[in-house]
2 protein chains.
Amino acid sequence: MNVTIADIAKATGLAKSTISGVLNQKSGFSEKTRQKVLKAAEQLGYVPNEIARGLSSRSTGSIGLIIKDITNPFYNHITKGVQEIAGEHGYTVFLCSSGEDHQAEIDHIQAMVRKRVDGLIIAPLLEEVTFDHFFELKKTNVPFVLLGKIPGLSCDTYEFDDYDGGRQVTEHLLSMGHTRIGFVRGPKTSKAAKMRYAAFVDTMKGQGIEVDERFVFHDANGITDGMDIGHRIAEMTDRPSAIICFDDVIAIGAVKALLEAGLQVPEDVSVVGFDDIELTTFPLTTVSIPTYEAGKALAWTLFDRIFGRRVSGFQHIMFEQKLIVRSSVRRLHHLKETEG
Amino acid sequence: MNVTIADIAKATGLAKSTISGVLNQKSGFSEKTRQKVLKAAEQLGYVPNEIARGLSSRSTGSIGLIIKDITNPFYNHITKGVQEIAGEHGYTVFLCSSGEDHQAEIDHIQAMVRKRVDGLIIAPLLEEVTFDHFFELKKTNVPFVLLGKIPGLSCDTYEFDDYDGGRQVTEHLLSMGHTRIGFVRGPKTSKAAKMRYAAFVDTMKGQGIEVDERFVFHDANGITDGMDIGHRIAEMTDRPSAIICFDDVIAIGAVKALLEAGLQVPEDVSVVGFDDIELTTFPLTTVSIPTYEAGKALAWTLFDRIFGRRVSGFQHIMFEQKLIVRSSVRRLHHLKETEG
DNA sequence: TTGTATGCGTTATCAA
DNA sequence: TTGATAACGCATACAA
């Protein structure tokens, strides 16, 4: 049913190797046979079988991308960047979502190896998980690039400077007169969540301000959690004046709930987030993260490895984060302790 | 380097076919050899080669998903649904974005066929394009399911009732007293854009109201176009009282621009969209579309075909759209013609 | 410039 | 219950 190079060989009276050669643009064939082969391929409706080609050539022309949540703008912009560069290289990408699930991440990596992808880009879970599967991956010799660093694992990595981002927002809130600041931590498997929180605590302590544990929310993920937390804050009699959310998705959820509860942002509660997602009308003060650029960079580095264009040691690149001040933070008058 | 079943055969003294058999859970092997094989596979660190398996078994365990824009919540929710069902079937998905580009769509379909995916889910461009590549695809016998119908092409299809959605929003605006209604059409390759606009025009005419061409914007796509249009509307001296946007992304862009220009929504201009994306705080009146459910349904149908579970004729399913009234539409007093 | 032979790692069909 | 052996479709080293 399916026409193969053997069929073309039969039709033209040439050998399979000749067909294969001209189809792969190799030199050393007379124009006459080239035309004959091309014409026959066209007429028979030949469609190269990349599976067979992959088996023989040990290169599939596919890469794998393992992210956490395709629904989050953060990841779909990374995805977009990766796709774009992959396309430029004639590559196709398998998209896998781990959804903050450790086992899913392991399964996806193994599936990608079994599918013999030429390379892998992974945004790994970094906290409260084991990393054995990455050391196993390393052994397979499949090139991979990570968004994040895994202790003791040598490979190319990209990172966002989450600690610095956390510092910037905290300092911003402080400079606007806030001291009763709440914090919504992201998924417990997220290192970004950990770093941002650490920066928050450090910066607060640096100013001699105690972090109020009642205002710290743990393990939030997605807009639903953001809304829950917003509602809880709305119900507090003794509310924080500002709240730092792990990401814009959570922040938007929180703002939604706050508004629903009849409160104003920033008049009643100031809210800031991370990621600078564009798809919202709310003037959220946030931290911008170059996700699309990172996606492209991740892919470039991976293809450098795949094509052996980079032979030197592994590279580790840190992207900066940048505070974007809009109007979701209220400027507080400098109040005396007693008035708080 | 890579361990194969031949290596396991050598190590155990058994035949390749035996190894293959037990590894694929086939019956008819003694428990003793089963254990021997499994143990050896484990010890040698055997990783099945899905490429070789695919070549031999003519099934790759991969499907392709071709959408228009991974960055748009509409498509990433469809993607999420597809991924989920694919995962349940032990399948992996190639994600391709056509980006409203006809040639890209063609190229992606061909790439998927060359990669011998077991099936394909496609959200095709439906207007101002040719469909030859779909008839070619049909010839390949690769099962596929479409989000949308292609004239003369028999295959499983899902659709959203865009005409009805368009009718609903238009009637809503009319019922709120609006008559000077603007319309932002989506991409010119989009049939949804065409249907929604047709419904708008018909419904307006049904009420004896003329559509003002000055308020109709063509070929808009993405938040940037939405903002452009918002700015243009803000600058008009003679403005529509309401504007229907092709989707929420455009609507959000328009609202953003309107607010930036110092106008109020809905006080100065009412805005409605389509898709009901959750990731925004703005109380946008919109039309909800079951994208996630559609993604799952598309995948279910595809797997029915792949596994031959469905042998009957092709199915055509239409999903309903539902108006979600929030507060981005102002209620107008019934004005006399002269006062308008 | 073209052809032959072999291998890629599996699955599948028969025999044994 | 197990083992040879032939596909699967292509690439490639080598021979002609």
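Within every chain, numbering begins at 1; the chains are lettered A, B, ... in the order of the sequence lines, protein sequences first and strands thereafter.
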B:Ile19 CD1 to D:dT1 C1': how many Å, rounded? 14 Å
For residues A:His133 and A:Glu105, is any side-chain donor paired with an opposing acceptor at under 3.5 Å? yes
Per-nucleotide protein contact string for nucleotides 6-16 of chain D (B base, S sugar-phosphate only, - none; heavy atom under 4.0 Å): -BBBBBB----
Between A:Glu159 and A:Lys149, is there a salt bridge with N-O shorter than 4.0 Å? yes
Report yes if the side chains of A:Ile67 and A:Asn72 come closer than 4.5 Å at any heavy-atom pair, otherwise no. no
With sequence neighbours excluded, tell me which residues meet side-chain contact (heavy atoms from CB on, under 4.5 Å) with B:Gln315. B:Asp156, B:Tyr158, B:Thr301, B:Arg310, B:Ile317
Could you tell me if the side chain of B:Leu298 sits less than 4.5 Å from the side chain of B:Leu302, heavy atoms only? no
The helix from C:dT1-D:dA16 to C:dA16-D:dT1: angle between its terminal axes, five pairs each, to 10°? 40°
Distance-only polar pair, side chains of B:Thr33 and B:Ser30, donor-acceptor under 3.5 Å: yes
Counted 5' to 3', the first and last nucleotides of DNA chain C within 4.0 Å (strictly under) of a heavy-atom of chain A are C:dT1 to C:dG9
What pairs with B:Ser98 under side-chain hydrogen bond (donor to acceptor under 3.5 Å, both in side chains), at least two apart in sequence or on another chain? none
Measure CD1/B:Ile8 against C1'/D:dG3 and give the value in whole Å, please. 16 Å
Using 4.0 Å as the upper bound for N to carboxylate O, is an ion pair formed by A:Glu42 and A:Lys39? no
Is any side-chain heavy atom of A:Ile109 closer than 4.5 Å to one of A:Ile122? yes
List in chain and number order the residues that pass salt bridge (charged side-chain N to carboxylate O under 4.0 Å, His left out) with B:Glu100, two or more places apart in sequence or in another chain; answer none if no residue qualifies. none
